[in-house]
J.: 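My questions will all concern the structure given below.
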Amino acid sequence: MTATPVIARTREELAQALDSLEGSRALVMTMGALHAGHLQLVRRAHALADHVVVSIFVNPTQFAPGEDFEAYPRTLEADVAALSEVGADVVFAPEPSEVYPVEPRISIDPGPIARVLEGATRPTHLGGVALIVTKVFGLVRPDVAFFGQKDAQQLAMVRTLVRDLDLPVRIEGVPIVRDADGVALSSRNRYLSEAERVHARALSRGLNAGVSVAEGGRPASQILAAARGVLEVEDGVDVDYVALVDPLTFDEINDVTAPGTPAVLVMAARVGSTRLIDNQPLTIGGVAAGLQAECVHEADGRPADGTEAAR
Ligand code: PAF
């Protein structure tokens, strides 16, 4: 499947490109620097809709001063080449001045979910994501939009945004794609040195440890202790948080939570100067499967064989 997508750099070009698409429309929002995880989102979108629009935009409003907005990798040519292989119809790649022609006077407060975990470290981040997601939904008007489970808190916030504001779009979450060594794919992995990359494997090992304890029917505190224990003994890993949360609200789950309750084990850690996040859905009191992920070979970035577990 090789067909160069139409590139739209302005709202007018986007509107023109959308006018020529008949049938259902899926949206995959990205900040570019595409990896196999993004391409998997596009494949899923392609399977469920007639047309796929991919946005590539490093959104300034979700970065705080001092974060990596300027340094964030921008690789449009390579991204378009990769998208040509997986069936994107339109790439919307605007400049910030096109998206924000005037300083927005409206801001969106996504509520309590924006103040915990990722929100505690990055207090303005999820508000900035909510703003750009709402704007791009308005510009593209998709029937369905795909987001990676890798950013579980962002996915939960987007689901809540759509529910609470009655936005006319369906949200689909797509499982994390991992390299063969268990590290979840992320555009920021390219900041890791070779040695840091080895330390980064502790995150998926920590998730596996937590899942094993959950499968043994043990309570939240023991799941957390197992996951945190793996991270804490790894040199070069500075733990930010390890938590068990409700998949939609991100409220913390504790030892009195009823068995059978769905949860997400989430973690963030700094490896060198790179902040990594990872997570794994599980069920409190057992019944969980292994680390849920699609596994890719590091060398070619292609899925190994469907949905192989990366334990
Ligand atoms: O997940 C991301 O890459 C970004 O937060 C998103 C959803 C593209 C919004 O800028």
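Note: hydrogens, waters and symmetry copies are ignored here, and every other heavy atom, side chains too, is used. Atoms within a ligand are numbered from 1 in the order they appear, just like the ligands themselves.
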J.: Could you check which of Lys150, Gln154, Met31, Gln62 puts a non-hydrogen atom nearest to atom 3 (O) of ligand 1?
T.: Met31
J.: If the cut-off is 4.0 Å to any non-hydrogen atom of Ile132, which atoms of ligand 1 fall inside it?
T.: 9 (C), 10 (O)
J.: Begin with the C-alpha distance, continue with both residues' side-chain angles, and end with the deciding distance and a verdict on side chain to side chain contact (heavy atoms under 4.5 Å, CB included) for Leu39 and Leu83.
T.: CA-CA 7 Å; Leu39 301 183; Leu83 289 171; 4.1 Å; yes
J.: What about Tyr191 and Val237, same hydrophobic cluster or not, with Ile/Leu/Val/Met/Phe/Trp/Tyr joined at side-chain heavy-atom distances under 4.5 Å?
T.: no
J.: Which donor-acceptor pairs under 3.5 Å do side chains of residues 156-166 form with protein atoms, sequence neighbours excluded?
T.:
| residue | atom | partner | partner atom | Å |
| --- | --- | --- | --- | --- |
| Arg159 | NH1 | Ile171 | O | 3.2 |
| Thr160 | OG1 | Ala156 | O | 2.8 |

J.: Identify, by atom number and element, the atoms of ligand 1 in contact range of Met29, meaning under 4.0 Å from any of its heavy atoms.
T.: 8 (C)
J.: Show me which atoms of ligand 1 lie under 4.0 Å from any heavy atom of Thr30.
T.: 8 (C)
J.: Holding to ring pair (Phe, Tyr, Trp, His ring centres under 6.0 Å), I want the full list of residues that pass it with Phe69, two or more places apart in sequence or in another chain.
T.: Phe63
